Amino acid sequence: MPEQRLLGQTPSQTVGPFFGYALPYVGGPDVRAPWHSDAIRLHGTVYDGAGDPIPDAIVEIWGADAAGRPSTERGALDRDPHGFAGFGRAAVDRDGHYSFTTIKPGALRAGSAPYVLVTVFARGVLQHLFTRAYFADEPAANAVDPLLTSVDPARRSTLVAEPDAHGSYRFDIRLQGEGETVFLDYGTEL
């Protein structure tokens with residue numbers, strides 16, 4: 001009989017407000033060690049429909065490296081301080097704030113803009129939500145990106161991270177209501 005291995009829970013296997021308890025892990029927000037010269041900070045706040053910060057959400061990101069290549073490193077839970085994992089997971093704090101250190105990605109393909117994939121897990125949201133964080137300091141690339149240009153111009157800014165300091169971008173996520181972030185269907189190909 002094969003040995004049975006115990007595996008950790010995946011986000012989809014949890015129900016309830018356990019996100020901040022069961023899913024974070026040491027080094028999860030450090031997709032790239034902050035001391036690297038190419039490291040950037042991607043951070044923001046997760047808000048509910050009333051505009052209040054959500055204190056127990058989880059945010060995950062996936063991003064390509066600076067050349068637009070997806071990471072091929074194995075063992076995202078085992079961080080190499082010199083490498084680039086491509087994947088990160090961060091719990092929000094009591095004020096709903098999350099923060100990652102990562103690399104500003106390159107475009108994955110010609111004719112698209114650089115972006116980071118973002119997934120949000122929060123109470124009351126039984127199916128996690130997908131979105132993208134584009135970068136406001138890439139106006140030429142953003143102007144031709146197929147997905148970004150397909151979004152209603154009035155809502156397009158909800159997909160754009162704004163620079164707020166050198167090497168730092170703010171990307172707030174609103175789950176409902178005024179300024180609701182545009183969320184994507186899983187498997188959207190553009």
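One is the number of the first residue; the rest follow in order along the sequence. Model, not experiment: these values are computed from the prediction.
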Closest approach of [X] to [Y] (non-hydrogen atoms, all atoms of both residues):
X: Ala107; Y: Ser112; answer: CB-O, 3.2 Å
X: Ile58; Y: Pro24; answer: CD1-CG, 3.8 Å
X: Glu162; Y: Ala136; answer: OE1-CB, 3.5 Å
X: Thr149; Y: Ala143; answer: CG2-O, 3.2 Å
X: Ile103; Y: Ala66; answer: CG2-N, 3.7 Å
X: Asp56; Y: Arg123; answer: OD1-NE, 3.0 Å

Pairing residues for [X] by the ring-ring contact (aromatic ring centres under 6.0 Å, His included) criterion, not counting sequence neighbours:
X: His82; answer: Trp35
X: Tyr47; answer: none
X: His97; answer: His43

Where at least one partner belongs to [range], residue pairs that pass salt bridge (Lys or Arg N to Asp or Glu O under 4.0 Å), sequence neighbours excluded:
range: residues 29-51; answer: Arg32-Asp38
range: residues 163-178; answer: Arg170-Asp172
range: residues 97-106; answer: Lys104-Asp137, Lys104-Glu138

### Message
Quick one, Asp95 with Thr45, criterion side-chain contact (heavy atoms from CB on, under 4.5 Å). Give me CA distance, side-chain angles, the key distance, then yes/no.
### Response
CA-CA 8 Å; Asp95 297 322; Thr45 301; over 6 Å; no
### Task
Let me see the working for Ile40 and Thr102 under side-chain contact (heavy atoms from CB on, under 4.5 Å), right down to the final yes or no.
CA-CA 5 Å; Ile40 65 165; Thr102 186; 3.8 Å; yes
### Query
Under a 4.5 Å cut-off applied to non-hydrogen side-chain atoms, are Leu108 and Pro70 in contact?
yes
### Task
Would you check if Phe135 and Pro105 make a side-chain contact, meaning some heavy-atom pair closer than 4.5 Å?
yes
### Message
To the closest 0.5 Å, what do you measure between CZ (Phe171) and OG1 (Thr131)?
### Response
4.5 Å
### Task
For Thr119 and Glu60, indicate whether the former's side chain and the latter's backbone hold a donor-acceptor pair under 3.5 Å.
no
### Task
Could I get the full list of salt bridge (Lys or Arg N to Asp or Glu O under 4.0 Å) partners for Arg69, not counting sequence neighbours?
Asp65
### Ring geometry between Trp62 and Phe87 (parallel below 30°, tilted from 30 to 60°, perpendicular above 60°)
tilted
Checking [X] now: which residues fulfil side-chain contact (heavy atoms from CB on, under 4.5 Å) with it, not counting sequence neighbours?
X: Leu175; result: Val46, Ile54, Val120, Ala122, Val125, Leu129, Ile173, Phe183
X: Val182; result: Val151, Arg155, Thr158, Leu159, Leu184
X: Ala113; result: Tyr134, Ala141, Asn142, Asp145
X: Pro29; result: Ala90, Phe100

### Query
Which residue pairs pass the ring-ring contact (aromatic ring centres under 6.0 Å, His included) test with at least one member in residues 139-160, sequence neighbours excluded?
none
